[in-house]
Structures are given as structure tokens and as C-alpha cells.
Visitor: 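Before we start, here is the structure in question, set down as C-alpha cells.
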2 protein chains.
Amino acid sequence: MKAATIRDVAERADVSVASVSRVLTGAGPVTDSTRKKVLEAVEALQYVPHSGARSLSTSKTQTIGVILPDLYGEFFSELIRGMDVAARAFGYHLIVSSSHDDAEEASAAIRSMRGRVDGLIVLSPHLDAANLASSLAGRLPILLMNGGADAGRPSIVVDNHGGAVQAVEHLIATGRRRIAHISGPTGNLEAETRLAGYLQAMADADLPTTVVEGAFTQASGHRAGAELVAGRNRPDAIFAGNDMMAVGAMLALQDAGLSVPDDVALVGFDDVPIAGLMRPGLTTLRINIAETGRSALERLVRLINAAGEAVADTACEVVRPELVVRPSSNPATQARTNSGERAREAAGTSSLKGENPQ
Amino acid sequence: MKAATIRDVAERADVSVASVSRVLTGAGPVTDSTRKKVLEAVEALQYVPHSGARSLSTSKTQTIGVILPDLYGEFFSELIRGMDVAARAFGYHLIVSSSHDDAEEASAAIRSMRGRVDGLIVLSPHLDAANLASSLAGRLPILLMNGGADAGRPSIVVDNHGGAVQAVEHLIATGRRRIAHISGPTGNLEAETRLAGYLQAMADADLPTTVVEGAFTQASGHRAGAELVAGRNRPDAIFAGNDMMAVGAMLALQDAGLSVPDDVALVGFDDVPIAGLMRPGLTTLRINIAETGRSALERLVRLINAAGEAVADTACEVVRPELVVRPSSNPATQARTNSGERAREAAGTSSLKGENPQ
DNA sequence: CAATTCCGTGTAACCGATTACATGACACAC
DNA sequence: GTGTGTCATGTAATCGGTTACACGGAATTG
């Protein structure tokens, strides 16, 4: 039994294919009686329009492609969730291609999506991918989320620089002066922007800087933390380029017998779920990822609908991270209030939607 | 400038559309000179075949749909990663639709994918979704990962029952006898299967059971843990239905001034990244999620290619969880060796691939 | 009552690929 | 030199929708 076509439906409803199409697309005039007959036939035949055929005649696919680098954990899922919910609301589908960690792979993925999607959202922490993406995509609307403001094309970036400044200013405000930074890997735009923010905030406060390079991994954070406490002139605060390195550093500090935050305060970046579950809870910078994903998708849909017209949208939208203060950066003089914080954290589910079946 | 069609390519290469098609699909004989001319024209025109048109004439979309419930964090991203990598290897694209938490929504998603995909992978922890999926999909190959063995259709399930038995037997082996269970929400297949495994293992060992119902969330685990330690006849071990509840319970125990594992041992399920980062590290059951996703996709591709033929594949593949022993379930008599474990965990990146840009 | 408008409906062209079949060139054998 | 077989290539039908245009019947108007 082959799938029903629009002609089967037309025949069964005793109308023309044009009427069936009009009922189904909602375009053009039809009487109620015709509509009723068509819908009955559709129901009876379990008819679903062939999307390929539709896309052939309308040259729209109602599909949006998402190109992602190697993202892990909460970040990935929240982002897709936000985009997916928005996509459904607009009647779009989402084609996802993940794990593209170099420009080569990413451009292959873009190429393979051409003709299959109405627009692309490209996340890429790689310096050169932005141009690649735009040249490869031809006339396809593209929204970049590559972490670097790329003037002249629609994009969304996280204010990594501002976030880093916030982190440093917070540490200064709580009385720290010897503030070190564990940076992310060289070549990663986000890492470099966060580093730049750290350097600037320290310069503004006239404080000396210490930077150890990490790789955005927990292990590298552990190594960097160990290195920092072993050196002379031990810092009284560490701002890590992301939460995973902060977690590694925290464990290294505790291994060395130091107290966080009394001996060394600690601030991360991203607010991954683990941040709130560490003891002490990790101060960090939060980005509402799902919201960012939703917003990215909505913007792309607008770009698609406006295609060809006044391309007024070349702005670079900035998402500002929010500082979430937890005990890891309590003022140096303050007594520990571990249990209170612990109870609060344990009761809340804000950063952790728990269900995780299978 | 509209996109080039196969006719433009044919014209430019001074051959027929048939030859262009033959070169591009690799089917049929062509001389090297023709191939060369065609490829040059393709390159010059930046030609990409229209997937809709192709799908119309071949009735294949080279796309696989994935229907997911509300999944969070690592589970979601690992699963998609595994599927995505496999899909690329087979030349397939992945359409993802997530956040379907009731059968209604899930079936709407399935319907909207008909005609757009060559096959479906449906994850659903809902009891009735299995039948729904199969009836809605028509002749579309479907692979179920709904957590309940559903004889007669291709499916992949996690051995939740066996995992729970392993957990309980492990706790018994380390000397515990008063073992309580924090279950997941009623109506969730996985939760119920894990509960059943607990009950069976306890019955086999002739031990009395205690069950408190949770909701797979950290907060519910915290409540359940508090309730368990407050009651008379405090358990000396708790097996939680998932890691998030185990984490909540651990914090509740520590809030109550109890030591894990000395006073109460703790075992979770899933091996989320946080499990290894808790202090003490949480004993749990690990599933290689990416691998499971990859395997699911490969199996579906096989189903697609075999469509219509001998549908010999109606088996229910079982994925067995692996017990990961960490300090939260150390034998009751053993001294704490926190620092050793801590160093090991911090050095390893096994469960945590750290990069988490933006 | 005829003329005009309006509007629901049907016919058929079109979107851009694939592919069965026809064609024609060429080589080889008799 | 004609016949036969092989094989690269071209022609045209086809997939299943959408939609411009034509058409015809009812309602409105003079």
C-alpha cells in the first residue's frame, strides 16, 4: 500500500486537486462543504502531503539547519531545546549537525545542507569560520553565533568581555587583590575575549595580572590551580575561563589543603549545573541558553521572511551574562555558612531540571 | 540570482541532464571527459541538487527523525552526538524534535515528520506511546527506545531492572542490610522498572524494603532523603532511582550530620557528570549513551534499507548498565580515602569532556 | 430580463530532480 | 561492406505538490 497522494484525496472527496491544496495550505477560497469533504478524505486516507513535492513547487523547506561545534552537556541540550520550541511555534523543523570542531568539517556540513534548509544557524568558536560560512552559504540566510562580533552580518554573541569584567570587579569588591586567571585555549574566541576582559578590568583597577592557560577542561583547571597555589605569591582569588576549569581548580585547591573561599576565592563562567552543586557553591556567570537559542531562531525566521528585501538586520545582538554569587567568592572576612547555603541549593531546582530517564 | 538547476549545469557542460545526474549520483556509465566537464560546471555554478526534487523522484529523503521527551543535560547531548556522527557516516541528516512530554505532543511531532524522513527513532518513557507511534507512522520504519520491551517491534531498551539488581547486590556485598529506595515518578517506565529490580533483589536476599517516591529531581531526592533519615529504623544504604535524586539525598544526609558512606551508603543511576564530582563521589550505573545512540541509528538505517523485505528484525536489543563504584558506597568498615579518590577524579576527564563555549 | 460582478472550482503548466527507453556512434567479425 | 553488439548519451515521462488562469453559476444591478 503506497502512501496516498493529493490526487487520491481529490478523487475520494470528489473535488479537484486544487481545492484539496487550497484547503490544506489555507490559501484561496473554499466553501465549508468542500473543506469538510476534503478533510474527511484526508482523514480516511491518512494523507500527509509529500514535503519534497511541496518544497519543489514553493521552494521553501520549512526547515532550519543548525551547525554546532563539539558542545557538551547542558549547553547543548538547552540550546537545542530553546531553538526547537521556537521552531515548532513557527512551523519549522530543525536539522542538527553537531560535533564540528574545525572549519573544514563545518563547511562540509553547511554544503550538505544547502537546498535542504531555508536558513542556517552556525555556532562556531573558530576564528575563520565566519567568512567560510557566509561564502559557502550563497544566498541562504545565516545567523552567526560564533562568539566574535562580525560586523555586517546578523549575529548573536555573548558578552564574554563584559562578563569577565563583572567577575573581576566582583572579586575586587569582596576585597581580593591578587586575582589570577585560568584562560581557555588559545584560538578559541570566547576564551580570548574572556581573557581580554580580565586583563582590562585588572588594568583599570591597577592590579598586577597572572594568567595560566587551560583548555576549558576540568583536568586542565586542576593542573592550572595546582600550579597557581604552588608558585610564590599565591593568589587570593582565581577567575577561571569556564566552570569546568573552576571545578578542577577548586578540587586542586582543596587537595592542597586550602579553603575556598577563605584562602582563595573562585569564580567560573557558564553556570553549568555542577556549579551550584559544588561545595562551596561556585560563583559564576549565567547565560540563559534556552532563551538565547529561542531568540536566535526567531531572528533567523525573520531573516528568512525578509529575504531579498531591505536587509536592515545586520546587527550584532549581545547577550549579557548575569553574575550568580555563591559561597566560593564570599568576602574573605566572612565566616563560613555552608549549611545554610547547602539547604538553599538543595531545595531549589532552578539550574537543574532533574529528569534524566534511561 | 536564482540557484542553479541541473539544466543550467547540463547547458554549461554541453551535455544532457541525464549525464549530469549520472555523474552526480554515481549511477550509470559516463566517460571521463563527460564527468570532467560536468564537475567543472558544477563547481563554476556552485550547483547543489535540490533535495526536494530528488526526494520527489526517488522517494527517499536521506533524513531520519528523532522524537525525544524532555531530556536534559548530558543525556540529551550524548545521545544526539552518537546519532549524528553515525548519521553523517551513512549520508543521512537528523531532524530533531525534543521536549515531548506527553503522548499527544509526541504524536503530533511524528505526524509532522511523515513524508519528511525515511525513518524514525522514538524515545518515550510513556506507557502508551509505543502503540501510538507505530499506528501513526504508517509504513515508516521506526525504532523504539521507550524503556519498555515491546515485543514484535524493533527496539532498544536499557536494562533498568538488571541495573537496579546490580546496585542492590553491590550494597549487600558491602555489608548493608537496611537498604531503602527512592523511586522515580509513577507512570515513568524506567522508574518503575528500576523499582521492580530493587524489590526483586531485596526479596531474593530476604531483606525488608522501604520505598519513598521521588520525581527524578534533585529537590525530590532531598525531600526523600530527609524523610528517610528522620524516620525510625534509619537505613544504612539508599539506592536512588537516578543520580539527581541521589545527589539531593546526599546533601540531605550531610545536612543531617550523617556521613556518606559511613553512616549511609548511596547509589544512583545514570552516571551523570555530577556523580563523579560529588564529595564523596557517587556510585552509580553507567550507560554509554553516545554508543547507544550510534547503535540505534545504525540499526534504523538497516531497517530502512531492508524495508519491505524480510522484516526479521523485531528484536529488542538490551543495553546493560555498568556499575561504577565510587566512595559513596565504600564498605562500611573502610576508612575514608577522600583525597585519593579526589585526585583520581580530578585528573580524569572520562565522564566530562570539558569544553563548553559561550 | 440582460448585463455585470463575484467567487468557488477545475485544468494544466510548472518546480527540479531521476531514469526507462530510444538513439546513434563505434568496433569488430564475417 | 554489411550486420551485430556494446556503450555512452539524449529525450521525455514521471514523482506530488502549488497556483495562474479559465470557466461557469449565482448574486447584484440597471
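Lettering of chains follows the sequences in order, A, B, ..., and the numbering in each one begins at 1. Everything numeric in this text was worked out from a predicted model, so none of it was measured.
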Visitor: Taking the basic N atoms (NZ, or NE/NH1/NH2) and the acidic carboxylate oxygens, is any pair closer than 4.0 Å for B:K37 and B:E40?
Guide: no
Visitor: Which is true for A:S51 with a 4.0 Å heavy-atom rule: it touches a base, it touches only sugar-phosphate, or it touches nothing?
Guide: nothing
Visitor: Output yes when B:E11 and B:R7 qualify as a salt bridge under the 4.0 Å nitrogen-oxygen rule, no when they do not.
Guide: no
Visitor: For B:D8 and C:dA17, give me the distance from atom CG to atom C1', rounded to whole Å.
Guide: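 Going from CG in B:D8 over to C1' in C:dA17 covers 13 Å.
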Visitor: In whole angstroms, how far is the C1' atom of C:dT19 from the CG atom of B:L24?
Guide: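 From B:L24 CG to C:dT19 C1': 15 Å.
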Visitor: Starting at CZ of B:R35 and ending at C1' of D:dC7, how long is that distance when rounded to a whole Å?
Guide: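 Rounded to the whole Å, the gap is 14 Å.
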Visitor: Salt-bridged, B:K36 to B:D32, with N to O below 4.0 Å?
Guide: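 Not counted as a salt bridge, because no side-chain N and carboxylate O are separated by less than 4.0 Å.
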Visitor: What's the NZ-P distance between B:K36 and D:dA8, to the nearest Å?
Guide: 18 Å
Visitor: Rounded to whole Å, please give me the gap between NE2 in B:H50 and C1' in D:dG17.
Guide: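 The answer, rounded to whole Å, is 12 Å.
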Visitor: Is a side-chain donor or acceptor of B:T25 paired with a backbone partner of B:S21 at a separation under 3.5 angstrom?
Guide: yes
Visitor: Rounded to whole Å, please give me the gap between CD1 in B:I6 and C1' in D:dA12.
Guide: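 It works out to 14 Å between those atoms.
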Visitor: Quick one: label A:S55 by what it contacts on the DNA or RNA (base, sugar-phosphate, nothing), any heavy atom closer than 4.0 Å.
Guide: nothing
Visitor: Going by atom types only, do B:R116 and A:T63 share a side-chain donor-acceptor pair under 3.5 Å?
Guide: yes
Visitor: Round to a whole Å and report the spacing from CD of A:Q62 to C1' of D:dT18.
Guide: 14 Å
Visitor: Mark yes or no for whether A:D118, through its side chain, and A:Q62, through its backbone, hold a donor-acceptor pair below 3.5 Å.
Guide: yes
Visitor: Is the shortest heavy-atom distance from the side chain of B:L123 to the side chain of B:L79 under 4.5 Å?
Guide: yes
Visitor: Describe, as an angle rounded to 10 degrees, how the axis at the first end of the helix from C:dC1-D:dG30 to C:dC30-D:dG1 is tilted relative to the axis at the last end, five pairs per end.
Guide: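 About 50° separates the two local helix axes.
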Visitor: Listing time: all N or O pairs from protein to nucleotides 8-15 of chain C that are below 3.5 Å?
Guide:
unit_1 : atom_1 : unit_2 : atom_2 : d
C:dT9  : OP1    : A:T31  : OG1    : 2.9
C:dT9  : OP1    : A:T34  : OG1    : 2.2
C:dT9  : OP2    : A:T31  : N      : 3.1
C:dT9  : OP2    : A:T34  : OG1    : 3.4
C:dG10 : OP2    : A:S16  : N      : 2.7
C:dG10 : OP2    : A:S16  : OG     : 3.0
C:dG10 : OP2    : A:S19  : OG     : 3.1
C:dG10 : N7     : A:R22  : NH2    : 3.0

Visitor: Rounded to the Å, how far apart are B:K37 NZ and D:dT9 C1'?
Guide: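 From B:K37 NZ to D:dT9 C1': 10 Å.
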Visitor: Is there a donor-acceptor pair under 3.5 Å between the side chain of B:T61 and the backbone N or O of B:S55?
Guide: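 Flag not set: sc B:T61 to bb B:S55 has no pair under 3.5 Å.
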Visitor: Between A:R299 and A:P154, which heavy-atom pair has the shortest distance, and what is it?
Guide: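 It is NH2-CA, 3.6 Å.
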